[in-house]
Amino acid sequence: MPLLAVRNLRTRFATDRGTVRAVDGVSFDLAEGEVLGLVGESGSGKSVTALSIMRLVPEPPGRVTADSMSFDGTDLLRLTEAQAREVRGASMAMVFQDPMRSLNPVLSIGRQLVEVLQRHQKLGRQAARRRAIELLEMVGIPLADKRLAAYPHQFSGGMRQRVMIAIALSCNPRLLIADEATTALDVTIQAQIVDLVKRLTRERGTSVIWISHDLGVVANLCDRVNVMYAGRIVESAPIRDLFQRPSHGYTLGLLGSTPRIDGPALRRLSPIDGLPPNLIDPLPLCPFLPRCRVSVAACRERAPDRRDLGHEHWATCFAELGPRAP
Amino acid sequence: MAIAQPPATPRFAGSIRLAARQFPRHRAAMVGLVCLVLLCLAAAFAPLIAPFDPVQIKLSAKLRPPSLEHLLGTDHFGRDVFSRLLYGGRTSLSVGLLVVAFAFVLGVPLGLASGYFGGRTDNLLMRLVDAFLTFPPLLLAVALVGLLGPDIQNVMLALGVVQAPVLARMVRGSTLAVREEVYVTAARALGAGPGRIVVSHLLRNVVSPIVVQLTVVFAAAVVAEASLSFLGFGTQPPQPSWGRDMSEARRFLGDAPWMFLGPTGAIMLCVLSINFLGDGLRDALDPRAWRTRRTVAAEER
């Protein structure tokens with residue numbers, strides 16, 4: 001049984017101009033210990049999917065529905081707010097994009113770590129403090145016992161993200177959601193953080209949902225990738241398959257706009273033209289159609305169904321795309 | 001001097017304690033604190049210090065300039081300005097402090113609730129606040145004191161009621177801004193409940209503007225008390241208060257400037273002290289403004 005099974009997740013927001021379908025029928029499974037990438041451009045519904053799983057979407061104006069969303073045997077949508085609080089931070093945790101802003105500036109690092117430990121693990125003050133030091137050492141912060149008294153502004157972005165990871169992993173969650181966790185960091189630090197997450201989650205068998213628009217990072221880290229567009233998953237594939245045989249016009253566009261260090265030096269990046277679609281009145285057709293370069297006649301007639309491509313690889317696209325040139 | 005702390009001490013546990021250690025390093029704030037304490041002591045021990053009875057009229061000695069006998073001169077009834085100053089401090093300081101306390105107790109929770117809950121609660125509370133803010137503050141205070149009866153407790157109450165909405169509105173604004181911070185969502189993602197969010201995340205981060213606003217409230221209260229007394233509410237005639245004496249002294253500005261200088265100086269000193277104190281308090285409560293002697297080698301380079 002998968003750790004997390006999401007079926008037909010829909011998250012909508014009521015606005016003055018109509019209902020925004022931020023997530024529109026997302027279904028996927030996440031196995032124990034699996035690292036799942038969620039890629040797509042801004043506004044494709046990646047973060048809202050994560051917030052919906054964490055039950056952090058403010059309702060109203062938001063509204064989260066799903067046929068089911070079971071995590072470790074419990075249906076997340078049936079939890080009361082108080083029950084959800086017990087789950088958050090304990091068995092599922094989240095790391096956010098901007099490490100400069102995700103720690104409270106007026107509380108010391110130690111206090112913020114200890115607070116979570118005391119909250120979920122009912123540790124005493126001394127025990128929590130010892131554990132906090134271990135956690136900081138675990139994420140590679142030197143002089144951990146001294147750093148407990150430090151404040152976020154005394155840390156660099158990379159160190160703050162390490163602290164966030166330490167806090168997120170402090171209660172040994174079974175699921176870690178990283179929402180663009182390395183986007184705000186420079187490349188060297190990015191690589192360090194990715195390695196850190198890889199190592200720590202492998203050691204513990206933690207499942208990870210890694211949200212990113214950086215396919216390079218995803219390739220390095222994930223077992224499987226879901227490509228999102230307009231609030232839907234348009235392609236899902238094991239990581240290798242996705243790069244070798246992208247089977248959706250949008251995936252193709254994403255890959256075409258990603259620089260490759262091993263490619264020809266003068267290869268031009270081809271950006272995806274146009275803008276992301278309006279999520280208030282979606283087309284009854286494929287949402288990517290107006291921007292697609294590989295569309296076929298069928299695309300203009302009806303919406304594509306999920307097409308199975310074998311090896312747990314599927315895409316919602318009519319175009320028959322062969323393997324990608326290396 | 002940098003002294004290494006034994007690692008067993010949970011230093012991080014008390015950010016208040018750390019703040020308390022920071023405060024004395026702010027020199028202006030210490031000066032402010034000392035001045036304020038002296039002013040309070042002087043007011044408290046007025047009967048022991050004052051050389052004259054503050055209300056005793058002695059027309060033969062009216063409008064005397066400062067001398068050894070009358071340190072700050074005498075007023076138009078021959079009363080000793082210095083003695084009146086000491087006794088007046090009792091009224092003015094207690095008005096200032098109590099109005100601050102009242103505005104804090106009423107305004108801060110209101111503003112936090114409004115900012116945190118948002119939506120309908122916010123709407124309701126803020127319309128209430130708007131209703132209070134539509135009245136000119138002094139007029140509202142006069143109306144309230146008129147309703148409750150003219151005595152000094154009622155003046156404090158009225159001024160508190162007038163100031164609380166101003167504070168509430170400001171706290172709400174700051175809370176709304178802080179509520180959208182990523183660290184608030186992050187805290188929720190770690191299982192923090194509403195109580196924790198409001199106290200350790202929202203309140204702790206809106207303390208600075210609150211402290212600043214409270215120093216303004218203090219100054220406003222002292223001056224407003226003067227206006228109310230001048231209008232016949234609040235302190236009744238022979239009783240001294242800084243504001244009251246100041247407004248009376250205006251009439252003699254040309255002939256007896258000392259009458260004016262005494263209470264004005266006291267109010268100024270007091271408001272300045274409070275402002276410095278507020279500055280220091282604000283800095284002590286914000287780790288980013290701390291002056292550390294032993295800087296934690298923070299940057300990983």
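Note that the coordinates shown come from a computational prediction; the quantities given were computed from them, not determined experimentally. Values below: all heavy atoms of this structure, side chains included; hydrogens, waters and symmetry mates excluded.
At a 4.5 Å heavy-atom cutoff, A:Met100 makes no contact with chain B through either its backbone or its side chain. If you measure heavy-atom distances from A:Ile167 to chain B, the contacts under 4.5 Å come from both the backbone and the side chain. Contacts of B:Ala187 with chain A are absent, with no heavy-atom separation under 4.5 Å from either backbone or side chain. A:Leu56 touches chain B through backbone and side chain together, each having a heavy atom under 4.5 Å away.
Smallest separation of non-hydrogen atoms from B:Ala186 and A:Ser102: CB-O, 3.7 Å.
Rounding to the nearest 0.5 angstrom, the gap separating the CG atom in A:Leu103 from the CD atom in B:Glu181 is 11.5 Å. Atom CG of B:Leu190 and atom OG of A:Ser170 lie 7.0 Å apart (nearest 0.5 Å).
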B:His201 vs A:Leu107, side-chain contact (heavy atoms from CB on, under 4.5 Å): CA-CA, chis, key distance, verdict: CA-CA 9 Å; B:His201 298 284; A:Leu107 300 180; 4.3 Å; yes

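Heavy-atom neighbours of A:Arg204 CZ from other residues, nucleotides or ligands within 6.0 Å: above the threshold of 12.
Listed for the A:Arg101 side chain is no donor-acceptor partner under 3.5 Å among the backbone atoms of B:Tyr183. In this structure, A:Asn104 contributes its side chain and B:Ser200 its backbone to a donor-acceptor pair below 3.5 Å.
Your options are A:Glu86, A:Gln97, A:His120, and the one with the most heavy-atom pairs under 4.5 Å with chain B is A:His120.
Counting only heavy atoms from C-beta outward, the side chains of A:Glu115 and B:Arg196 approach each other to under 4.5 Å. At a threshold of 4.5 Å between non-hydrogen side-chain atoms, the residues A:Pro105 and B:Arg204 do not count as touching.
Identified under the salt bridge (charged side-chain N to carboxylate O under 4.0 Å, His left out) test for residues 95-111 of chain B, with sequence neighbours left out: none.
Remark: A:Arg130 pairs with A:Gln126, A:Ala127 by the side chain to side chain contact (heavy atoms under 4.5 Å, CB included) rule, at least two apart or across chains.
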